[in-house]
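Comments concern the structure below.
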2 protein chains.
Amino acid sequence: MSATVKTERSRLSASDWERAALDVIANQGVAAVAVEPLARKLGVTKGSFYWHFGTRDALLEAALRRWEHADTEALLAQVDRIADPRERLLQLFRRTSMELRTHVIYAALLRALDHDAVKPVMQRLSQRRINYLAVAYRALGMGRRESMDRARLAYAAYVGFLQLMLQLDLPRMPQEEYDSYVEHVAATLIPSR
Amino acid sequence: MSATVKTERSRLSASDWERAALDVIANQGVAAVAVEPLARKLGVTKGSFYWHFGTRDALLEAALRRWEHADTEALLAQVDRIADPRERLLQLFRRTSMELRTHVIYAALLRALDHDAVKPVMQRLSQRRINYLAVAYRALGMGRRESMDRARLAYAAYVGFLQLMLQLDLPRMPQEEYDSYVEHVAATLIPSR
DNA sequence: CAGTGTCAATACGGTAGCGTATGGTCGCCT
DNA sequence: AGGCGACCATACGCTACCGTATTGACACTG
């Protein structure tokens with residue numbers, strides 16, 4: 001059990017609702033973001049909610065905006081300062097494999113791509129990341145077409161692995177096996193010099 | 001638009017409901033499998049439904065069983081007769097990239113992994129397929145650990161690509177680009193002799 | 001200390017879906 | 001022709017959620 005149990009600070013703000021929403025997304029998925037249950041969880045009634053937001057969807061959009069900015073942007077910004085492109089890719093792979101929470105949310109959003117508020121966010125994000133990968137591969141001397149293909153492959157592997165791990169908690173993989181996998185992926189998807 | 005518009009055969013059977021359910025799963029996802037809407041689509045009322053099935057979940061489980069047996073088993077059975085392991089993998093990759101409907105459903109199920117009826121099916125299936133891949137890689141002379149890693153990677157790439165294509169209809173990829181991608185994946189994930 | 005704005009409770013009405021109960025219709029078998 | 005069983009309609013009650021309206025409590029500010 002975790003978080004959002006009302007910390008006796010009584011008065012809530014819009015951000016409190018957004019944070020709570022992200023929490024629910026991470027644990028039970030987008031569909032579980034419902035006004036009344038959320039209110040219960042926060043120890044108030046929905047009378048409060050509808051002061052802060054006009055509608056349920058407004059909350060969702062706000063929460064997603066928050067996530068996209070805070071959790072997501074940070075990731076690339078860090079890695080972007082590594083000069084050597086090969087090392088940059090390697091670090092990208094390795095760091096992505098840690099840092100759970102963002103990815104849990106990401107995985108939850110993947111399962112909600114039919115929702116109108118979610119889809120555009122994910123499209124933007126995926127496009128951005130795939131492009132980032134493609135540029136890195138180009139810097140490694142790959143051709144235009146090959147870079148694009150490889151970028152898609154790498155990103156697809158990321159997305160797919162999230163599904164297999166987080167939803168299907170597939171193999172209950174022990175740490176050592178997990179590390180081995182990450183290194184294998186890096187070795188396979190980053191061309192040797 | 002497609003299928004399930006009631007073909008004036010009037011009387012329905014359980015299988016009709018299952019097929020209709022799979023149709024809805026493919027188009028609108030698991031959550032949209034609701035008995036009243038389904039009944040409307042079939043031109044009857046739910047009075048009919050509850051004669052064939054005890055509950056909504058019973059329908060879901062039946063539909064999934066049907067899909068797992070019919071659509072899914074066939075896939076590996078075909079490829080399994082190719083003797084040369086390298087060629088077998090290659091064909092597996094290529095054929096998987098065609099044959100849409102099964103994969104559309106698969107993708108829809110990926111988005112419903114939280115559902116109790118769906119999860120076990122997908123776990124079985126994934127485990128089975130990953131193992132199949134691992135065996136194929138071993139036959140190519142890979143070590144035990146490496147085969148497993150590579151199998152996971154390949155399967156993750158498949159799963160992830162489905163998400164990116166089918167849900168995010170990401171790039172509206174033209175056929176030629178799509179083919180290029182598939183060949184790139186094959187070249188990258190099947191070790192050269 | 002009156003007034004204003006912020007947050008919250010209560011009560012209400014509406015929709016969509018699940019599941020039950022009961023009775024109706026039609027084909028087929030005897 | 002009567003009857004039985006497969007299939008379906010109708011009507012009902014229940015739950016979970018959305019959203020609105022109205023009023024209340026409380027803090028801060030002038």
Side-chain angles (χ1 to χ4, degrees), chain A residues 4-64 66 108 111-112 114-118, chain B residues 4-64 66 108 111-112 114-118:
Chain A
T4 45
V5 269
K6 172 164 185 176
T7 34
E8 221 46 89
R9 283 186 23 266
S10 272
R11 256 64 212 308
L12 300 179
S13 73
S15 334
D16 291 323
W17 286 95
E18 294 167 16
R19 265 187 287 271
L22 286 175
D23 243 59
V24 171
I25 290 177
N27 293 323
Q28 289 121 271
V30 172
V33 178
V35 170
E36 277 155 324
L38 249 183
R40 279 194 289 276
K41 204 162 310 192
L42 287 171
V44 297
T45 67
K46 63 181 173 175
S48 164
F49 175 85
Y50 283 101
W51 190 90
H52 295 288
F53 299 91
T55 129
R56 190 207 102 133
D57 281 339
L59 168 63
L60 247 174
E61 280 165 35
L64 293 184
R66 161 177 296 261
R111 289 183 287 152
D114 35 356
H115 198 292
D116 288 340
V118 175
Chain B
T4 46
V5 269
K6 172 163 185 178
T7 34
E8 220 49 87
R9 283 185 25 266
S10 273
R11 257 62 210 310
L12 300 179
S13 74
S15 332
D16 291 322
W17 287 94
E18 294 167 16
R19 267 186 286 270
L22 285 176
D23 243 61
V24 171
I25 291 177
N27 295 322
Q28 287 122 276
V30 173
V33 178
V35 18
E36 277 154 325
L38 249 184
R40 280 194 287 275
K41 206 162 310 191
L42 288 171
V44 296
T45 66
K46 63 181 174 174
S48 164
F49 175 86
Y50 282 101
W51 191 88
H52 295 287
F53 299 91
T55 132
R56 190 207 101 133
D57 282 339
L59 167 64
L60 247 174
E61 280 165 34
L64 292 184
R66 162 177 296 262
R111 289 183 287 154
D114 34 356
H115 198 292
D116 288 340
V118 175

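First the proteins, then the strands, lettered A, B, ... as listed; each starts at 1. Side-chain atoms are counted along with the backbone in the values below, which use heavy atoms only and exclude waters and symmetry mates.
- Closest of all the heavy-atom pairs between H52(B) and A14(B) is ND1-N, 3.6 Å.
- Atom CZ in R11(B) sits roughly 6 Å away from atom C1' in dA6(D) (whole-Å rounding).
- L22(A) CG to W17(A) CH2: the interatomic distance, rounded to the nearest 0.5 Å, is 14.0 Å.
- Here dG17(C) presents its C1' atom at 14 Å from CG of L60(B), a figure rounded to the nearest Å.
- Taking only side-chain nitrogens and oxygens, R40(B) comes nearer than 4.0 Å to OP1 or OP2 of dG17(C).
- Look at CG on D16(B): it is 14 Å from C1' on dC8(D), rounded to the nearest Å.
- The distance from atom CG of D57(B) to atom C1' of dG17(C) is 13 Å, rounded to the nearest whole Å.
- Distances shorter than 4.0 Å separate none of the side-chain N or O atoms of H52(B) from OP1 or OP2 on dA6(D).
- The distance from atom OH of Y50(A) to atom C1' of dG19(D) is 5 Å, rounded to the nearest whole Å.
- Regarding Q28(A), its CD atom lies at a distance of 15 Å from the P atom of dA16(D), rounded to whole Å.
- Distances shown here put a side-chain N or O of T55(B) below 4.0 Å from the OP1 or OP2 atom of dG19(C).
- Listed nucleotides dA9(D), dC18(D), dA8(C) differ in distance to E36(A); the shortest reach to its side chain belongs to dC18(D).
- L60(B) is listed as a side-chain neighbour of H115(B), based on a closest heavy-atom distance under 4.5 Å.
- Protein atom CZ of F49(B) is 8 Å distant from nucleotide atom P of dG19(C), rounded to whole Å.
- Residue-to-nucleotide proximity on DNA chain C shows that, of W51(A) and K46(A), the 5′-proximal contact is made by W51(A).
- Residue V35(A) places its side chain closer to dC18(D) than to any other of dG17(C), dC18(D), dA9(C).
- Residue L38(B) contributes atom CG, which lies 14 Å from atom C1' of dA16(C) at whole-angstrom precision.
- By the 4.5 Å heavy-atom criterion applied to side chains, R56(A) and L59(A) are not counted as neighbours.
- In this structure, the side chains of V35(B) and F53(B) stay at 4.5 Å or more apart for every pair of heavy atoms.
- The nucleotide whose nearest atom lies closest to any side-chain atom of R56(B) is, among dC17(D), dC18(C), dA25(D), dC18(C).
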